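Atoms considered below: every heavy atom in the structure, side chains included; atoms not considered: hydrogens, waters and symmetry mates. Read the numbers this way: they start at 1 and go in the same order the structure lists the ligands and their atoms. From a predicted model like this one, the values you see are computed outputs, not experimental measurements.
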Amino acid sequence: MVPFFIFLLFSLQTLVLVNTQKVECNSNDLTGLKAFVNGFDSPIEGWVFNDTSSSCCNWVGIKCEAGRIVEIDLSKKRLSGNLSDALFRFEHLMVLNLSYNYIQGPLPNVIFHFGKLEVLDLSSNEIRDVLPNSIDLPKLDVLDLSANSFSGVIPSGLCVNSSRVRVVRLAVNYFNGSVPKFENCRLLEQLYVASNYLYGDIPKSLFGLPRLGELALQENRFTGFEGIGNSTSGLVRLNVSSNRLTGKIPDWFDRFPNLSYFIAHSNNLSGGVPLSLLNSRSVSSVNLRNNSLNGLIGFNCSSMVNLTSLDLGTNNFSGNIPGNLASCGKLKALNLARNKLVGQIPESFKNFESLSYLSLSNGSFNNLSMSLKILQHCPNLSVLVLTMNFHTEQLPSDDELQFKSLKALVIANCRLTGSIPSWLNGLTQLQLLDLSWNDLTGTIPAYLGNLKSLFYLDLSNNSLSGEIPKSLTQLPSLISRDISLEEPSLDFPFFKRKRNLTGRGQALRYNQIMGFPPSIDLSSNLLTGPIWSEFGNLKKLHVLDLKHNNLSGTIPSALSGMRSIETLDMSYNNLMGSVPTSFVTLPFLSKFSVAYNNLMGMVPSRGQLATFSNSSFEGNPDLCWGGLTKVTIDTCQKNQDLLPPPTASDKDEDFSILRMVVIIGFGTGFLVTVISLLVIPGIMGASKTDKFE
Ligand SMILES: *[C@@H]1O[C@H](CO)[C@@H](O)[C@H](O)[C@H]1NC(C)=O
Ligand SMILES: *[C@@H]1O[C@H](CO)[C@@H](O)[C@H](O)[C@H]1NC(C)=O
Ligand SMILES: *[C@@H]1O[C@H](CO)[C@@H](O)[C@H](O)[C@H]1NC(C)=O
Ligand SMILES: *[C@@H]1O[C@H](CO)[C@@H](O)[C@H](O)[C@H]1NC(C)=O
Ligand SMILES: *[C@@H]1O[C@H](CO)[C@@H](O)[C@H](O)[C@H]1NC(C)=O
Ligand SMILES: *[C@@H]1O[C@H](CO)[C@@H](O)[C@H](O)[C@H]1NC(C)=O
Ligand SMILES: *[C@@H]1O[C@H](CO)[C@@H](O)[C@H](O)[C@H]1NC(C)=O
Ligand SMILES: *[C@@H]1O[C@H](CO)[C@@H](O)[C@H](O)[C@H]1NC(C)=O
Ligand SMILES: *[C@@H]1O[C@H](CO)[C@@H](O)[C@H](O)[C@H]1NC(C)=O
Ligand SMILES: *[C@@H]1O[C@H](CO)[C@@H](O)[C@H](O)[C@H]1NC(C)=O
Ligand SMILES: *[C@@H]1O[C@H](CO)[C@@H](O)[C@H](O)[C@H]1NC(C)=O
Ligand SMILES: *[C@@H]1O[C@H](CO)[C@@H](O)[C@H](O)[C@H]1NC(C)=O
């Protein structure tokens, strides 16, 4: 309400300005604009130069004060072309914002000599250039050249004359060399130089800049820290992740009394966590994942009053999980996966009220039954990942277990015995369940179909038997997926490793549960009975994997109701009959297999079905597909004639595939984009083992 009001006021004010201000253009400014436009490939809408008395002050993107241009904001205008030298006659210009365009040319040197310029935002263009050694803009406040193709070194004299600069953003370019000391940047608050090719030590002078609050150095090639000198730094965010830092983490956190984020994942830091960090009162988010750190974990929660997120995954920490972590009163997200930790979940975790996300995968923990009994007392636990622990223990069937807030439960790759327990029935919020790669026996319980938010179910690679419960074809969030399902906030990503039997495979990274493709994976079990035609209800399902079971009967043509399906694998079963013609209407089908069944007849060679290779169909002695000779076509035709007549839904498959694509494209466009960015590459390379960490 309030922002809208402000917006309204703002618009009114603009309106008033436009109506009253009949100021003519200063002729210097007008000449400047003409030259400026000349550099671009197309004219700027609304800028008309043929009228000598034109009031350029009313043109789109221009603001004047006292008849002189003070602001040019042509951000997001799809401009392409060069910035021309002739443009810069704007003695009064304070803001030049050309961000989010396709501007290519080099930067005219004069741009760095505008006495009044306060904001220079050329981010997200395609400018290739090197910067001059000094930038002479005495009033400069914000300099944003990020996401271009700048190369060479970052000018060391940046602040010599531009001493008032507050924000410098140079991220996502090709800058190399070391980071300058920036000693003259006394008012600098933000320095973003992430995603470049900077190397060497991180200079200590940066920590002496009195106002610096945010320092983003991630994704470069820094190898170490120069130290901190004798200063105390007011930094609030320090991100040095994805560099080549080696050696110990400096024990200097007592000199950062305001530090809230320390993000140093994906380096090669070794040794332990320094004492001053273990006792930092200010720090709220510590991310040391994917380094070579070792020793015991000894965070001191009575000092660390602000800690909310701690990611120590993928290191060499050893010993037990320290019980005192539960006394970090604000700690919500804890990742200890992939370390050398052993033992049990401490009893004290019963009182871990703030805990919302816990990953312990790939450790050597034991006593799953006790672990679950303890963790069920955490009232806010919403994501629990325990993969690769508790080797060969039994999945507890204790009816009293209750996890009211749990949204994701992952206990994969533990070789657990037992059956799928009935306490899962009480996980009413569950969205994601992965119990794959265990030795679970018995049937798949029907109540799983009642979990109204469940959209990702992986029970693959167990010894489950019996029929597929029909209730799975009624899963509400696979029928009409409510995209607004409340998302647990993850402070760090989920990893799901797609491993095959020979290789290590590839780790897929998901920043939120919602990023997972809606899936049902029941592959590699002992399931019998039919594939229900009601699976066609699941309009939002992306992956249905039923391979390596003993399923029988025919493939229902109604499965083509799964309009979002991308992966459909029914290979290695005992299926009979033909491949339904209706499948040619599935617009997103990109991985498909019916290999090694008893199918017969002709595979329709239209739609996506025409795009699959032999391996999708082989192992069916009476099935024919693609590039056949006349003789084999005749044989296939005969086989086809032996088949029962097509069912009703086989007949109405003839409506336009194109129309289908368009309709579906609109309906699920967002999802499909997300999925194709995050997921499809992984699925395509997918293979046998799936495990979370
Ligand atoms: C200026 O150009 C526009 C179109 O470019 C045209 O419609 C208009 O008549 C011209 N005005 C003058 C005064 O030439
Ligand atoms: C420039 O314009 C973009 C898009 O309108 C805006 O997001 C950005 O904040 C502006 N830059 C500055 C420094 O104000
Ligand atoms: C833009 O700048 C590039 C690089 O200097 C140059 O090759 C090209 O000719 C220029 N294009 C125009 C339209 O001036
Ligand atoms: C700083 O500004 C002064 C006065 O305008 C000028 O003489 C000098 O060359 C500038 N220095 C740098 C490094 O740009
Ligand atoms: C740094 O970049 C410049 C300009 O692209 C290049 O000439 C130089 O070789 C690079 N230096 C290093 C050490 O990579
Ligand atoms: C800290 O360093 C500065 C400059 O390097 C120096 O002037 C100052 O005396 C030093 N302060 C202390 C307490 O060592
Ligand atoms: C830390 O923040 C407080 C409050 O914003 C400020 O007064 C103090 O100067 C900062 N400390 C340092 C070392 O900058
Ligand atoms: C730190 O950098 C990483 C990239 O390595 C980025 O994903 C993350 O958002 C950054 N975190 C903060 C708090 O700046
Ligand atoms: C772990 O860090 C290494 C560099 O030390 C990097 O190459 C790798 O991509 C990182 N892995 C993950 C999963 O972040
Ligand atoms: C990381 O550092 C350790 C020594 O601390 C070294 O043995 C190891 O090879 C390094 N790993 C990489 C990927 O550089
Ligand atoms: C803890 O965090 C809050 C909010 O982010 C902040 O205001 C407070 O100063 C922090 N406490 C310490 C001791 O830094
Ligand atoms: C298995 O993984 C390895 C290593 O990632 C890869 O080279 C190989 O092609 C994969 N095999 C299959 C069948 O996907």
Side-chain angles (χ1 to χ4, degrees), residues 146-147 169 171-172 189-199 202 212-224 232-247 249 253-270 276-293 300-316 328-333 335 337-339 354 359 361-362 489-499 504-512 515 678 682 691-693:
S146 45
R169 297 188 184 144
V172 195
E189 292 170 12
Q190 273 182 14
L191 178 61
Y192 294 175
V193 293
S195 297
N196 280 289
Y197 295 99
L198 303 169
Y199 51 81
I202 295 167
L212 195 63
E214 292 183 37
L215 183 52
L217 303 173
Q218 67 268 23
E219 293 170 10
N220 280 288
R221 294 170 177 179
F222 294 113
T223 44
T232 298
S233 167
L235 267 192
V236 176
R237 287 171 180 260
L238 175 57
N239 195 339
V240 293
S241 59
S242 298
N243 275 288
R244 296 174 181 177
L245 301 172
T246 57
I249 302 175
F253 290 87
D254 48 345
R255 310 281 278 282
F256 292 91
N258 292 348
L259 192 66
S260 177
Y261 289 81
F262 179 58
I263 313 296
H265 66 80
S266 303
N267 282 288
N268 195 14
L269 296 163
S270 54
S276 57
L277 180 53
L278 296 173
N279 287 290
S280 166
R281 297 186 66 79
S282 61
V283 99
S284 79
S285 190
V286 177
N287 188 338
L288 304 174
R289 176 167 43 84
N290 194 17
N291 277 287
S292 303
L293 299 166
N300 178 357
C301 290
S302 51
S303 305
M304 300 197 80
V305 290
N306 260 350
L307 190 65
T308 59
S309 169
L310 179 59
D311 189 346
L312 302 178
T314 316
N315 277 290
N316 297 319
C328 284
K330 291 186 182 170
L331 187 55
K332 281 167 59 176
N335 182 15
R338 297 193 141 252
N339 277 287
S354 52
S359 175
S361 55
N362 214 322
S489 68
L490 304 183
D491 285 84
F492 27 75
F494 254 105
F495 289 96
K496 181 162 172 118
R497 194 172 285 283
K498 290 275 178 186
R499 196 187 69 183
R504 267 177 55 78
Q506 165 200 18
L508 300 181
R509 180 193 164 108
Y510 300 98
N511 289 316
Q512 44 182 12
L678 288 173
K691 65 179 198 287
F692 287 84
E693 21 193 296

Q: Could you give me the CA-CA distance, side-chain angles and deciding distance for Leu293 and Ile249, then say whether side chain to side chain contact (heavy atoms under 4.5 Å, CB included) is met?
A: CA-CA 9 Å; Leu293 299 166; Ile249 302 175; 4.0 Å; yes

Q: Show your reasoning for whether side chain to side chain donor-acceptor pair (under 3.5 Å) applies to Asn291 and Asn315.
A: CA-CA 5 Å; Asn291 277 287; Asn315 277 290; 4.8 Å; no

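- Residue Asn268 places no N or O, backbone or side chain, under 3.5 Å from any N or O of ligand 9.
- In summary, the atoms of ligand 8 found under 4.0 Å from a heavy atom of Tyr261, numbered by their order in the structure, are 13 (C).
- With ligand atoms numbered from 1 in the order given, ligand 9 contributes 5 (O) to contacts under 4.0 Å with heavy atoms of Asn267.
- The distance from ligand 8 to the heavy atoms of Glu219 drops below 4.0 Å at these ligand atoms: 4 (C), 5 (O).
- Judged purely by atom type and a 3.5 angstrom limit, Asn239 has no side-chain atom pairing as donor or acceptor with the backbone of Leu217.
- Smallest separation of non-hydrogen atoms from Cys328 and Ser354: O-OG, 3.7 Å.
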Q: Step by step, work out the side chain to side chain donor-acceptor pair (under 3.5 Å) result for Gln218 and Ser241.
A: CA-CA 5 Å; Gln218 67 268 23; Ser241 59; 5.2 Å; no

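- Looking at atom 5 (O) of ligand 11, its nearest protein heavy atom turns out to be Asn306 ND2, 4.7 Å.
- Scanning the protein for heavy atoms near atom 13 (C) of ligand 11, the closest one is Arg281 O, 3.5 Å.
- Geometric assessment of Arg237 against the ring of Tyr261 yields a positive cation-pi assignment under the 6.0 Å and 45° thresholds.
- The presence of a protein heavy atom under 4.0 Å from atom 2 (O) of ligand 11 is confirmed.
- Ranked by closest heavy atom to atom 14 (O) of ligand 8, the top entry among Val240, Leu217, Asn239 is Asn239.
- Side-chain N or O atoms of Asn362 include none that pairs as donor or acceptor with a backbone N or O of Ala337 at under 3.5 Å.
- Checking only distances, Ser241 does come within under 3.5 Å of ligand 8, N or O to N or O.
- Close approach of ligand 9 to Asn290 (heavy-atom distance below 4.0 Å) involves ligand atoms 1 (C), 2 (O), 3 (C), 8 (C), 10 (C), 11 (N), 12 (C), 14 (O).
- Residue contact annotation: His265 has a non-hydrogen atom under 4.0 Å from ligand 8.
- Centroid-to-centroid, the aromatic rings of Phe262 and Phe256 stay 6.0 Å apart or farther.
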